[in-house]
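Data first, discussion second: the structure below is written as structure tokens.
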Amino acid sequence: MSAVLDQPGHGHHDEHADHPSGLMRWVTTTNHKDIGTMYLWFSFIMFLVGGVMALTIRAELFMPGMQIVRPEFFNAMTTYHGLIMVFGAIMPAFVGFANWQIPMMIGAPDMAFPRMNNWSFWLLPPAATLLILSFFMPGGPAGVGWTMYAPLTVQMGPAMDLTIFAVHILGISSIMGSINIITTLLNMRAPGMTLMKMPMFCWTWLITAYLLIAVMPVLAGAVTMTLTDRHFGTTFFNAGGGGDPVLYQHIFWFFGHPEVYIIAIPAFGVISQVIPAFSRKPLFGYTSMVYATASIAILSFIVWAHHMYTVGMPTAGQLYFMYATMLIAVPTGVKVFNWLATMWKGSITLETPMLFALGFLFLFTMGGFSGLVLALTAVDVQLHDTYYVVAHFHYVMVAGALFAAFAGVYFWLPKWTGKMYDERLGQWHFWLSIIFFNVAFFVQHFLGIAGMPRRIPDYSPQFTEFNMISTIGAFGFGVSQLLLLYIVIKTIRSGKPAPENPWEGADSLEWTHLPTPAPYHSFETPPVVK
Amino acid sequence: MRKLAGGWKWGAVPALASGSASAEMAWNFQEGATRAAQQVNDLHWLMMIIILIIFVGVFGVMFYSIFAHRKSVGHKAAQFHENTTVELIWTVVPFLILILMAWPATKALLNLRDTSAADITIKTTGYQWKWGYDYLKGEGEGISFLSQLATPYDQIYGNAPKSDNYLLEVDNELVVPVGKKVRILTTASDVIHSWFVPALSVKQDAIPGFVRETAFRADREGVFRGQCAELCGKEHGFMPIVVKVVSQEQYTAWVGEQRKKMAAAADDVNKEWMLDELNTRGEKVYAANCAACHQANGQGVPNAFPSLVGSKVVLGPADDQIALLLHGRKGVFMPGSAMPAQENLSDVDLAAVATYTRNAWGNAAEDKVVQPAEVKADRGKK
């Protein structure tokens with residue numbers, strides 16, 4: 001591709017000569033690595049904030065009775081835990097990966113629009129600030145759930161408006177990031193790297209970026225309608241004025257279901273890099289992986305109402321959404337089988353990135369199984385809005401997306417920092433995470449099947465045992481994550497120097513063509529891909 | 001893990017389903033009291049079996065591979081990366097399995113959604129935070145009452161031991177006859193609620209401004225407990241549903257009793273009430289409907305729920321207070337929640353609670369007493 005900047009005889013300019021230093025370096029930076037780093041640290045901070053909220057929820061649910069918080073604050077905890085984890089932690093984490101990795105993996109010097117890249121990151125802190133400020137508004141934070149269903153949102157105080165503006169800003173940031181990623185991937189690949197030779201991680205981000213551009217405006221529309229219903233006398237969601245509360249849910253889930261895949265698909269991408277590297281064998285069925293990922297993305301637009309089986313839609317509608325939802329199992333199954341076939345007859349080693357990838361594979365498949373159960377409308381009528389759903393989406397989001405992000409961090413940390421992480425501590429982090437995760441969330445399936453609704457601050461004593469187990473698991477999981485922080489800081493400060501390619505089987509450009517740590521401007525001369 | 005051993009049997013633990021077994025640990029579907037619930041249970045078991053088979057297959061391969069194809073046992077990596085045949089197989093076979101699942105799933109859904117030929121029709125209205133029931137058609141037509149949490153606050157906040165049916169008990173249960181098809185119409189007055197009774201396999205959102213329907217035919221007598229399943233604000237976790245399925249004779253007797261009560265209540269509205277009578281009744285109404293936000297001491301929560309002690313509305317003209325009680329107030333810049341309209345409470349209850357607030361906690365309004373007749377008159381106005 002000819003758009004790559006090739007500047008012969010200009011190979012050694014001083015990386016920092018024309019940059020401000022200190023704080024201003026980070027504020028004004030247009031470098032994809034700096035911005036990627038900021039995305040990742042931001043998401044980790046949000047992960048801790050959202051985690052504290054999760055632990056508040058779990059602490060209150062340790063025993064029957066109200067002990068720690070008041071019901072309205074409990075509702076706020078579930079609301080902001082969800083919003084912060086989805087929009088503040090997981091999504092920015094994968095954008096951070098995209099920033100670091102995409103230019104290095106396709107042989108480019110940087111992202112296509114470096115200044116816009118700076119802005120897409122720096123919109124995030126104001127959005128996070130708005131979310132936090134909600135807690136200090138008259139009337140307290142909004143207790144509406146991360147789905148923000150009308151008309152409950154119309155009853156809330158000014159905190160709701162701040163939350164809506166935060167969602168707007170996060171959406172703008174995502175759209176700008178997506179434009180950047182798409183342009184970079186389509187125009188800045190090294191000569192010889194056709195689309196079908198791109199690393200799988202780049203493919204998954206190309207598809208995800210299109211999803212984001214398609215659905216973030218839909219979410220912005222839904223929350224804007226909420227805003228005008230609140231303040232400007234519209235009645236989109238008020239039957240008294242000809243509107244319909246269920247309209248909100250249709251719009252929200254038309255965003256919300258693709259959003260699930262916006263989170264999951266880049267995770268698939270990371271896994272598709274890690275598993276071949278540690279199996280020392282090329283990814284099995286690359287072409288079918290690309291098609292399966294694209295199919296999942298397209299199907300995600302036509303299944304939204306499976307989140308709404310109990311709103312009272314016509315039976316024919318329920319049947320359609322049930323069949324369409326079940327269909328997603330096919331491409332998802334293809335992906336799992338391809339990963340297994342990649343491992344098959346490989347030469348496997350179990351370093352931390354591979355452990356997290358295998359943890360992902362195991363637990364994400366479990367989340368897929370419970371998804372299949374939930375797809376069946378008649379069963380879902382029992383399980384909808386119970387703890388079964390909570391268990392299901394935490395298997396997909398935490399054991400899926402988060403474990404993939406951990407795998408990615410351990411996998412690329414040597415390239416990013418030039419140092420090796422402590423393998424022994426990494427293994428501890430994995431085993432603590434996977435054990436406590438299951439303690440926290442597996443039992444929630446039973447709670448849901450037995451009929452415990454989600455988003456309740458107090459419950460009947462028959463649910464006590466499983467809630468206690470779940471709370472213990474959640475605290476164990478939360479504390480284990482501090483180990484990750486320690487490992488990363490230890491790596492940066494005193495890790496052993498890493499070789500150019502510490503992983504025998506890793507074969508994408510950042511490992512084969514770049515020194516460690518990667519230079520500030522990744523490829524000043526594009527490599528030629530055969 | 002008490003009682004776990006007793007729970008491991010094919011089917012379900014009769015936890016919520018029985019009268020007072022809520023301390024027993026529940027892990028599976030409650031024992032269904034309708035054919036639909038039984039079908040859902042069967043369908044779920046079928047899924048569990050299919051999933052277990054896939055689980056063993058998929059993870060058998062994965063763990064075998066991790067075990068046998070490791071570098072440390074000297075396995076050399078093969079370099080194959082494509083095989084159209086296996087890829088076709090693992091696309092087509094899952095598809096066929098899905099078709100097998102879809103068949104019973106469709107049958108169960110069609111049965112669940114069948115609301116035709118109902119014997120009794122009951123309208124269920126979700127309020128923040130209680131349920132209203134109106135018997136619209138069939139035996140019992142005209143009966144109408146509210147149903148709300150009967151667990152006292154002392155139990156919730158740990159000042160008293162928890163009762164057997166903690167959080168799953170109400171003052172007025174929904175009573176229906178066994179073996180009759182009951183059609184439930186759901187709606188709501190404020191925000192979306194969801195009427196969820198697990199043992200009857202019923203969960204239907206209650207949407208303000210719209211009417212949705214669902215139905216069940218209970219095939220055995222018993223008390224079945226459920227909860228609101230859609231986040232509806234502060235007290236979402238505290239609006240349970242209790243359905244009491246009784247024999248036909250008991251039902252007929254219950255209908256007669258209800259009619260007598262309603263006739264007596266109609267007389268109450270027009271009689272002149274004494275201050276003490278209203279205060280006594282008002283204290284109960286306040287505890288059930290108001291204390292969640294305004295607190296038992298009337299002082300509210302700063303920045304969220306206004307104090308009633310010394311409140312201008314409470315101490316002012318009766319008509320203004322009645323209007324606020326009847327119609328609520330939109331709370332955009334007020335609390336975490338607006339003041340919900342309380343028009344679903346009876347004239348006597350509203351008069352009683354207005355009177356109570358005028359005289360409790362050191363309040364001393366000029367008009368000490370609000371009579372039910374005043375509320376009745378104001379209710380007609382808009």
Side-chain angles (χ1 to χ4, degrees), chain A residues 64-66 71-72 138-140 143 145 149 151-152 155 157 230 239-240 245-246 280-282 284-285 288 310-312 315 318-319 323 326 329-330 333-334 337 340 343-349 369 373 376-379 381-382 384-385 446 449-451 453 455-458 460-462 465, chain B residues 1 15-16 22-30 40 43-44 47 51 61-62 65-66 69-71 75-78 81 87 90-91 94-95 98 105 108-109 112-113 156-158 166-168 191-192 198 201 203-205 207 209-210 212 227 229 231 233-234 237 303-304 331 335-338:
Chain A
M66 299 299 299
E72 64 271 26
Y149 277 8
L152 188 58
Q155 288 186 342
R230 285 168 54 78
V246 178
R280 292 163 182 76
K281 194 163 156 279
F284 186 88
S288 71
T310 64
V311 297
T315 310
Q318 291 185 329
L319 284 175
Y323 299 147
M326 291 169 79
V330 174
V334 167
F337 298 140
L340 291 180
M343 288 161 60
W344 189 255
K345 291 197 183 297
S347 179
I348 298 170
T349 49
F369 287 148
V373 172
L376 308 185
T377 314
V379 183
V381 166
Q382 282 276 3
H384 176 75
D385 268 334
F446 299 121
I449 291 175
R455 292 168 171 169
I456 56 171
D458 192 8
S460 158
Q462 63 185 320
E465 287 86 349
Chain B
M1 304 285 279
L16 286 177
S22 76
E24 198 161 326
M25 186 169 88
W27 67 277
N28 200 350
F29 286 121
Q30 298 167 26
V40 167
L43 185 59
H44 185 256
M47 292 295 292
I51 285 171
V61 170
M62 181 173 115
S65 186
I66 294 174
H69 303 150
R70 250 177 317 154
K71 194 184 176 195
H75 197 271
K76 293 271 182 296
H81 57 86
E87 289 186 53
W90 69 43
T91 310
F95 190 77
L98 288 178
L109 178 63
L112 186 69
R113 289 300 304 261
I156 296 171
Y157 286 93
Y166 177 70
L167 291 191
L168 295 176
V191 298
I192 301 175
S201 199
K203 184 185 285 140
Q204 182 60 57
D205 289 2
I207 296 160
F210 291 86
R212 302 288 202 239
Q227 284 173 274
L231 179 61
K234 182 176 178 301
N303 212 4
S337 163

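Below, chain A is the first sequence line, B the second, and so on; all start at residue 1.
Only the side chain of B/E87 comes within less than 4.5 Å of a heavy atom of chain A; its backbone N, CA, C and O stay farther away. Interface remark: A/F337 contributes backbone and side-chain atoms alike to the contact with chain B (heavy atom separation under 4.5 Å). Only the side chain of A/Y149 comes within contact range of chain B, with at least one heavy atom under 4.5 Å from a heavy atom of that chain. Proximity to chain A involves both the backbone and the side chain of B/M62, based on heavy atoms less than 4.5 angstrom apart. B/L231 touches chain A through backbone and side chain together, each having a heavy atom under 4.5 Å away.
Interface remark: of the candidates B/G158, B/S201, B/P94, B/A108, B/S201 forms the most heavy-atom pairs closer than 4.5 Å to chain A. Contact count versus chain A (heavy atoms, under 4.5 Å) is highest, among B/K76, B/H44, B/R212, for B/R212. For the set A/K345, A/R455, A/E72, A/M66, the count of heavy-atom pairs under 4.5 angstrom toward chain B peaks at A/K345. In terms of non-hydrogen atom pairs under 4.5 Å with chain B, the most contact-rich of A/V334, A/I456, A/L152, A/L376 is A/L152. Of the listed residues A/G240, A/G333, A/G145, A/S288, the one with more heavy-atom pairs under 4.5 angstrom with chain B than any other is A/S288. When the candidates A/G143, A/A239, A/A378 are compared by the number of heavy-atom contacts under 4.5 Å with chain B, A/A378 comes out ahead.
Evaluation of the ring pair (Phe, Tyr, Trp, His ring centres under 6.0 Å) rule for B/H69 yields A/W344, B/Y64, B/H75 as partners, not counting sequence neighbours. For A/P245, the side-chain contact (heavy atoms from CB on, under 4.5 Å) criterion is met by A/P151, B/I192, B/I207, B/P208, B/F210, not counting sequence neighbours.
In this structure, A/V381 and B/L112 have side chains that are in contact, with non-hydrogen atoms separated by less than 4.5 Å. Residues A/V379 and B/M47 have side chains not in contact (no heavy-atom distance under 4.5 Å, counting atoms from C-beta outward). A/K281 has its side chain out of reach of A/I348: every pair of non-hydrogen atoms, C-beta onward, lies at least 4.5 Å apart.
Atom CZ of residue B/R70 and atom CE of residue A/M343 lie 11.0 Å apart, to the nearest 0.5 angstrom. To the nearest 0.5 Å, atoms CG (A/D385) and CG (B/D205) are separated by 7.5 Å.
Within 6.0 Å of CZ on B/F95 lie no more than 12 heavy atoms contributed by other residues, nucleotides or ligands.
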